[in-house]
Protein chains: 2
Amino acid sequence: MSPRRSDPQARSALIDIAAGLLAGEGPQALSARRIAAEAGSSTMTVYTNFGGMSGLVREMVHEGFARLETYFSHVATTGDPVADMAMYGRAYRHNALTNPHLYAVMFGGASPAGFSLTAEDRQHGRYTLSTVVECASRCIAAGRFRPGDAELVAHQLWTAVHGLVTLELGDYLIEPCNAGVVFEAQLTGLMVGAGDTFASATRSVGSSLERMGKEIVNVDPDPSYGESPRHGGG
Amino acid sequence: MSPRRSDPQARSALIDIAAGLLAGEGPQALSARRIAAEAGSSTMTVYTNFGGMSGLVREMVHEGFARLETYFSHVATTGDPVADMAMYGRAYRHNALTNPHLYAVMFGGASPAGFSLTAEDRQHGRYTLSTVVECASRCIAAGRFRPGDAELVAHQLWTAVHGLVTLELGDYLIEPCNAGVVFEAQLTGLMVGAGDTFASATRSVGSSLERMGKEIVNVDPDPSYGESPRHGGG
DNA sequence: TTTTTTACATAACGCTGTTATGCCAGGCCG
DNA sequence: CGGCCTGGCATAACAGCGTTATGTAAAAAA
């Protein structure tokens with residue numbers, strides 16, 4: 001139509017269109033032809049601007065993390081680090097529920113078949129959680145969480161909330177196990193589990209935990225199905 | 001080649017081939033043509049036996065849950081329900097790490113673009129966790145977990161472990177946050193969070209939790225990106 | 001103004017799931 | 001035994017995908 005040269009807004013325009021398509025019609029609408037048609041151009045624009053669909057999806061993932069960071073930045077510091085932490089959890093879930101398809105692209109790989117994130121992309125995403133790590137540090141410093149690695153605690157919270165959100169988006173959580181109820185219970189349980197009662201509680205629970213071996217890893221119901229030997233035994 | 005009629009083993013043979021392809025070469029090898037070529041037949045076999053790729057993928061999901069159930073059945077009952085529960089968690093993670101691609105298909109939707117599970121499929125998968133629910137009941141009955149809904153507790157554990165496993169498979173967890181370390185810490189924290197120390201711990205933590213409002217859900221950094229109004233507030 | 005760069009449109013390649021057509025081996029019935 | 005008929009499978013085609021080669025024309029550079 002109007003082939004203007006070096007249009008700096010072309011990139012963000014395409015990203016916006018792709019985001020709208022993803023939000024409105026789901027992942028299957030994320031095709032180069034569809035995006036180009038929506039933008040009134042040909043599929044080549046995707047390649048000149050992003051080098052291919054992977055590049056565009058990558059930008060959308062960054063956009064997704066940017067939105068998450070925006071939500072995080074809107075969490076008001078209450079002075080109570082534990083309360084702040086729970087708010088970060090709620091913000092995380094709210095972001096995922098508000099942008100379900102985008103969240104699926106970020107973590108679930110609901111994108112063009114052969115797409116996979118770069119290590120740098122994952123690093124970028126993990127960096128978004130530095131806010132949570134800092135909050136965990138504050139919780140520990142305030143004596144509300146037991147002394148330990150703040151990053152470890154933050155990862156515990158992250159993985160737990162991520163798991164619930166993922167299953168919630170996949171419609172795996174149904175009544176009467178309301179996702180919101182499970183979420184709030186999860187939040188409380190995580191705070192308690194990370195809390196200062198840990199040491200005493202470990203006395204009653206940990207003894208059983210230590211009794212457990214790991215012989216389960218030797219059980220292989222059908223070795224012929226064995227996939228890549230990824231399981232290193234952690 | 002040898003067009004034998006009504007071969008009841010054709011289905012499982014195709015499933016086996018598909019599972020092997022998925023395990024060996026990843027999700028992108030899961031194509032009707034590839035499977036047919038591997039089976040020495042044409043793509044029509046996929047349609048006569050499964051009605052399409054979705055049907056075959058569905059069967060593979062069932063296969064995945066069957067493997068998980070097998071692992072669960074190999075968890076020896078130690079007499080300590082909390083220890084058993086932790087073992088279920090380890091079995092769950094072990095199954096996911098042993099069959100990473102299959103696990104991704106089960107929950108991540110790493111399958112043909114437009115594929116989605118039926119409500120019955122999810123019900124089927126959830127049924128696999130009834131073992132964990134029973135174990136939670138035993139934990140509660142033994143006074144090791146605080147009184148409450150066993151299904152709720154089981155779902156908490158499930159979502160937490162699932163989240164960690166998902167991020168681990170997606171290479172989102174890196175050193176020094178070793179996934180195994182996070183996992184064991186998560187297990188312990190979950191047991192403590194669900195434990196009988198909950199009531200007392202809530203006294204110190206819950207007060208802050210109750211102070212939190214939910215005003216975060218009103219923050220919308222960029223409404224133009226708003227996706228489907230899925231967020232019902234749980 | 002002339003040259004070069006470069007973004008884009010067009011068309012094609014190889015791939016995907018899916019479907020219509022036709023063949024041909026079985027089971028069934030006369 | 002011979003003819004019919006059902007149905008699984010192979011072949012080929014259709015629509016769509018990501019990607020790429022080629023050509024064109026406009027913007028930047030000389």
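Since this is a predicted model, take the numbers as computed values, not measurements.
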Colleague: Please give, in whole Å, the distance from dT18(C) P to L56(B) CG?
Modeller: 11 Å
Colleague: Round to the nearest Å and state the distance from R11(A) atom CZ to dA7(C) atom P.
Modeller: 12 Å
Colleague: Heavy atoms from C-beta onward define the side chain here; which of dT19(C), dA10(D), dA9(C) lies closest to that of Y47(B)?
Modeller: dT19(C)
Colleague: Mapping T48(A) and R33(A) to their closest nucleotides on DNA chain C, which lands nearer the 5' end?
Modeller: T48(A)
Colleague: Counting any heavy atom closer than 4.0 Å, what does S42(A) reach on the DNA or RNA strands: base, sugar-phosphate only, or nothing?
Modeller: base
Colleague: What about the rings of F107(B) and F107(A), do their centers lie closer together than 6.0 Å?
Modeller: no
Colleague: How about Y88(B) and V161(B): do any of their side-chain heavy atoms sit closer than 4.5 Å?
Modeller: no
Colleague: Please report, rounded to the nearest Å, how far the C1' atom of dA9(C) is from the CG atom of N49(A).
Modeller: 15 Å
Colleague: Let me know the distance between CG of L30(B) and P of dT16(C), rounded to the nearest Å.
Modeller: 11 Å
Colleague: Between P on dC17(D) and CD on Q28(A), what's the gap in Å once rounded to a whole number?
Modeller: 10 Å
Colleague: Using whole Å, what does the distance between atom C1' of nucleotide dA7(C) and atom CG of L14(A) come to?
Modeller: 13 Å
Colleague: Just checking Y103(A) against Y92(A), ring centres under 6.0 Å apart?
Modeller: yes
Colleague: Between C1' on dC9(D) and CZ on F50(B), what's the gap in Å once rounded to a whole number?
Modeller: 15 Å
Colleague: Give the rounded distance in Å between these two atoms: CE of M53(B) and P of dT19(C).
Modeller: 14 Å
Colleague: Report yes if at least one side-chain N or O of S31(B) is closer than 4.0 Å to OP1 or OP2 of dT16(C); otherwise report no.
Modeller: yes
Colleague: What nucleotide among dT11(D), dA21(D), dG17(C) has an atom nearest to a side-chain atom of M44(B)?
Modeller: dT11(D)
Colleague: Kindly indicate whether the side chain of F50(A), heavy atoms from C-beta on, has any atom under 4.5 Å from the side chain of I15(A).
Modeller: yes
